[in-house]
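Take a look at the structure set out below.
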Amino acid sequence: MLTISHLSKRHPNAARAVFDELAFAVAAGEIVALVGESGVGKSTLLNCIAGLEPADRGAILIGREAQDIVRLDESARAALRAASIGFVFQAFHVLPTLTVAQNIAVPLLLSGVAPGEHQARIEALLARVGLAGFAQRWPPSLSGGELQRVAIARALVHRPALILADEPTGNLDPRTADEVLALLLERVREEHASALIVTHSQHVAQRCDRILTLTPEGLA
Amino acid sequence: MSRLRWQLAWWLIRAQFLTRRTATALAMLAIALGVALGYAIHLINAAALADFSQAMKSVQGEPDAVLAAKDNAARVPLALINEIARDPAVAIVAPVIETRVRVDHAAGHTADQAAIHPGAPVKLIGLDIFSAAAVMPGLLPRQDGGSIFEDGVHASPALLARLQLKVGAGVTLTRGAARWRTRIVGELPAARPGDLLLVADIAWVQARFGPPDAVSEGRLRLMPGTRPASWRESWSGRLPAGLTLRAAADDTQRVSNISRAYRVNLNVLALVALLTGAFLVFATQLTAVAQRSTQFALLGVLGLSPRMRLLQVLFEGLAIGVPGAALGLALGYGLALAFTRVMGGDLGGGFFSGSTPVIAASLLPSLGFFALGCAASLAGALYPAWLNRVQPLAQALKTGFAQRPPAVHGLRQRPRRTLLIAIVLLALAALGLTRLPALYELPLAGYGAIALVLVLGIAAAPLVTQIVFGAFARRALSAPQRVAVQNIVQAPLMAQVAASGLIVSFALTVSMVTMVSSFRLAVDQWLDTVLPAPLYVRSKGMPLPQELLAALDQPAAPFARIERTAHGALSLDPQRPAVVLLVREMRRADAAARLPFSGPVVAVAADRVVVWISEAMQELYRLAPGQTLRLPLLGREVDTVIGGVWRDYSRQFGAVVIAAADYLALGGHFEVSDLALWPRRGEEAAAKAWLAAHAAGYGLDIAESSEIRALSLSIFDKSFAVTYALEAAAMLIGLFGLAVTLAASVWLRARELATLSALGFDRAMLTRAVMFEGALIAGIGLGIGLACGIAIGAILTHVVNPQAFHWRMELTIPWLQVLLGAALTLAAGVIASRFAARLATRLPAAQVLASAQ
Ligand SMILES: Nc1ncnc2c1ncn2[C@@H]1O[C@H](COP(=O)(O)OP(=O)(O)O)[C@@H](O)[C@H]1O
Ligand SMILES: [Mg+2]
């Protein structure tokens with residue numbers, strides 16, 4: 001579902017590369033935890049995979065058609081994200097001026113899912129993340145945990161092949177974090193999607209199928 | 001684009017409008033204003049021109065050619081009319097005599113005096129019924145029995161209504177010493193509702209007023225198959241000097257030319273309004289993009305393509321522009337309607353007085369103005385849209401809006417030097433443009449130079465900001481000041497936008513104030529020279545009554561000195577409005593005392609005819625003092641010498657003065673229409689009473705020079721009232737731009753500011769910091785704006801005014817007004833930034849710090 005080979009990335013003006021000749025794969029339906037010290041390059045790796053930052057070398061094959069996002073131009077990368085990737089951020093990033101339902105509908109609109117299906121999908125998913133009845137609420141009136149559930153629903157609603165989550169519980173208190181994470185894993189398994197989850201929590205990592213550790217020298 | 005994408009675009013647009021109501025509404029209004037102004041000018045002018053050509057058609061018919069004298073005092077000999085009529089290519093020639101007469105009637109004097117000014121001049125047309133039927137059917141009298149004129153005049157329905165007379169009433173028609181006691185024998189059913197006309201048989205008019213063997217005009221119809229242009233060409237060589245054959249279309253062209261410069265000037269103002277609209281769209285969209293950079297980055301992560309991120313901002317611009325332009329069309333239509341109801345079709349310029357045009361919107365121009373409004377809003381959204389497209393997604397998600405777009409091919413390697421070179425080049429280009437002559441008789445290059453100066457001011461803003469802040473950074477600053485300076489360094493784009501708005505609005509305001517006050521001072525001084533006498537008497541468009549002139553010659557008249565003037569019109573170019581001929585009682589030696597010469601006065605040999613021309617005439621016909629000028633006077637070409645060029649702010653299409661003695665020597669008839677009177681010392685009151693008594697009943701204008709002066713200046717002030725209103729609007733828009741961008745830049749740094757406040761930086765200090773920032777930006781904007789404004793003011797007075805209106809004047813900068821305006825704007829800018837600060841500091845620090853957005 002995700003195959004990375006010979007991946008290298010160095011930030012412009014940076015003294016050394018963030019990672020070099022990185023290679024790993026995530027199988028269909030597999031959930032992989034990515035751990036590592038702060039500043040080691042986990043976010044950079046996720047951004048490269050999603051095509052938000054350009055990689056210098058290597059290949060990143062995504063989805064059933066195994067498209068190499070490194071070789072795509074900007075619009076094709078956007079199209080690939082719309083079709084095959086769901087992203088969950090540490091900082092929620094829910095659009096404050098759209099309702100909860102509209103926020104979740106955005107990936108449906110961008111990936112071209114038939115409008116007739118939207119409402120049913122959104123409502124079903126809202127119920128599954130424990131937000132039944134929240135459809136018409138505005139984000140500023142939601143708590144952090146609730147916002148992250150909206151973000152999870154939004155990452156899953158268009159049934160992407162790959163979910164990327166960058167410290168999805170970093171901004172939540174431990175109890176809420178546990179709940180939200182359990183929910184994320186459950187939903188990912190339910191949708192038979194693959195996932196790469198960056199986390200600092202040993203507890204979280206252990207619940208994944210596999211743990212990858214990123215070090216300055218590469219994957220361990 | 002699919003329906004789904006539209007759905008998303010619509011959600012975002014709606015959210016944007018709901019969260020930024022004021023800014024959006026103001027930008028919309030500014031676009032509407034620009035469109036409305038331009039559209040109204042177009043509608044009024046189109047209606048006035050249509051009205052004029054209708055009027056021409058009804059009075060003149062639709063001849064293929066008109067044979068007339070270039071000098072309106074001259075006539076077309078009947079012999080020539082007969083000769084042309086014998087040309088086989090000519091179907092018919094209709095001879096016409098046109099004159100103006102005073103209408104007196106027994107009933108009017110005692111009845112309602114207000115109905116029509118007693119003795120007001122009315123156009124009297126003498127025509128030959130048979131030929132007129134073919135060429136000018138609109139002037140035919142009601143034909144009940146025969147088709148031959150009775151001994152009497154026919155009046156248009158409008159004239160009858162004005163005079164409160166009925167058919168059958170007796171009237172006396174007077175012109176100078178000639179008088180005709182007659183009767184109104186019928187109506188002119190085909191006359192248009194507003195026409196005030198008398199029509200009589202040409203023989204009767206000729207017998208009373210006209211020369212016996214000549215007419216004013218011959219209006220011709222050619223045989224089918226004859227090409228009018230080539231026929232006119234074939235005859236023009238054979239015509240006696242002083243006569244022309246013109247096309248009827250020339251008249252419409254001429255009328256359109258009359259108001260052309262004035263219209264273009266108004267259209268430039270409309271364009272400025274439209275540009276301010278574009279600027280407001282720019283400011284709102286830029287801040288909107290900045291504030292939503294994380295949201296757009298998120299949408300990018302979700303799969304919104306870069307193209308769509310660009311298009312979305314353009315859509316939002318259009319969403320402001322489309323309703324704005326539609327509102328503008330409605331507003332413009334209403335404005336045109338209201339304006340013509342109140343003022344007639346002359347756009348306040350006094351060009352088409354007396355007409356009541358009908359406003360009619362046609363599809364194509366309406367669409368054109370609508371498109372213009374949309375284009376302005378799109379233009380304003382262009383840069384923000386591009387900036388939104390190139391925002392680096394990962395970075396925008398992490399740290400928000402990137403003020404500097406990523407470097408493009410090393411263009412920003414040496415910003416300071418590139419900028420300096422660009423500024424010098426712009427200045428040179430602007431200077432070059434001011435040296436160019438008028439294009440199509442319009443100061444297009446001058447307008448271009450003005451645009452360049454504005455661009456120059458905006459381009460100079462970053463440089464000046466760098467210099468000012470470089471200087472500040474080296475000083476010891478208080479904490480709030482340090483924060484303010486840092487804010488501008490970190491958010492240079494916002495500061496620059498805010499400054500640009502002020503630069504443009506203040507520059508335009510200063511330039512208009514400078515131009516208007518230069519002009520006013522020039523008019524004031526000019527009035528001193530052109531109004532030497534204490535008292536003036538004037539009749540409109542016809543000679544003064546013989547009785548009054550005779551009485552003035554009596555020793556009992558209480559005047560020490562009298563100077564008489566007669567008016568004529570010389571048509572030097574059929575497509576241009578005629579030049580005014582002023583026949584004045586003055587000696588050559590006195591010329592400098594009577595005319596405000598703007599250049600050297602040439603001594604002319606006593607045996608040559610000398611004329612003094614106005615600046616407008618000098619420029620329109622490219623003449624110079626000392627040069628020989630061939631003038632079509634009294635039906636022949638007369639060689640005259642230009643003795644000097646004088647300043648004239650009232651006759652835009654040129655005027656030429658000739659001494660009465662010279663004119664009489666040429667065989668002219670001195671039909672006095674204006675008097676300048678110097679009462680005998682100590683008899684001022686008696687003189688006025690004497691005049692009032694002798695002029696009663698003739699509908700004459702009697703005024704003291706101080707009244708004329710006050711009236712002229714008040715007309716001047718009124719005609720610039722619109723300009724002042726626009727200046728005020730421009731300043732408000734500039735201030736609004738400052739407030740919006742300041743608020744946005746503070747908002748963008750809300751997190752930093754909240755951090756500061758958590759570190760013990762209190763609210764008052766924060767407010768002071770933002771106000772200091774506002775004052776700095778406003779100061780820079782006003783400084784650059786002032787410099788640009790003076791430059792533009794100089795271009796307006798020295799390039800645009802002379803080229804468009806042939807008005808020349810000295811540049812006077814009203815420092816007091818300008819500096820006061822700058823101080824007020826600075827104060828308003830500081831107040832505006834206080835609001836921006838309040839907006840930011842009202843965000844509870846804890847919340848801002850907690851939310852990572
Ligand atoms: N835009 C950037 N420019 C230069 N260096 C960057 C940029 N973004 C991140 N870095 C550097 O790259 C390294 C990896 O950062 P990041 O991927 O955010 O780490 P992590 O997510 O593992 O904490 C860090 O040393 C960081 O300083
Ligand atoms: Mg990280």
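Residue numbers begin at 1 in each chain, while the letters A, B, ... track the order of the sequences.
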When heavy-atom pairs shorter than 4.5 Å are enumerated against chain A, which of B/Leu8, B/Leu12, B/Leu4, B/Leu299 gives the highest number?
->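 It is B/Leu4.
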Side chain of A/Arg81, backbone of B/Gly300: donor and acceptor closer than 3.5 Å?
->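 Such a contact is found between A/Arg81 side chain and B/Gly300 backbone.
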What residue, out of A/Arg77, A/Arg154, A/Gln90, has the most heavy-atom pairs lying under 4.5 Å from chain B?
->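 When all of A/Arg77, A/Arg154, A/Gln90 are compared, A/Arg154 has the most.
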Relative to chain B, which of A/Leu110, A/Thr44, A/Thr97 shows the most heavy atom pairs under 4.5 Å?
->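 Heavy-atom pairs under 4.5 Å are most numerous for A/Leu110.
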Closest heavy-atom contact between A/Ser75 and B/Pro306?
->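 Closest heavy-atom pair between A/Ser75 and B/Pro306: CA-CD, 3.8 Å.
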Taking the side chain as C-beta and beyond, is there a heavy-atom pair between [X] and [Y] under 4.5 Å?
X	Y	result
B/Arg309	A/Glu74	yes
B/Arg292	A/Leu95	no
A/Leu109	B/Arg5	no
B/Gln395	A/Asn47	no
B/Gln295	A/Pro96	yes

Per-residue contact mode, A/His118 against chain B (heavy atom under 4.5 angstrom) =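 Just its side chain gets close to chain B.
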Part of [X] lying under 4.5 Å from any heavy atom of chain A:
X	result
B/Arg14	side chain
B/Leu298	side chain
B/Leu18	neither

Atom CZ of A/Arg71: over 12 foreign heavy atoms under 6.0 Å |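 More than 12 heavy atoms, drawn from other residues, nucleotides or ligands, come within 6.0 Å of this atom.
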Can you tell me if CD on A/Glu37 sees more than 12 non-hydrogen neighbours from other groups inside 6.0 Å?
->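 It does not: A/Glu37 CD has 12 such atoms or fewer within range.
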Got a second to check how far A/Ile85's CD1 is from B/Leu302's CG, nearest 0.5 Å?
->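 The CD1 atom of A/Ile85 sits 11.0 Å away from the CG atom of B/Leu302.
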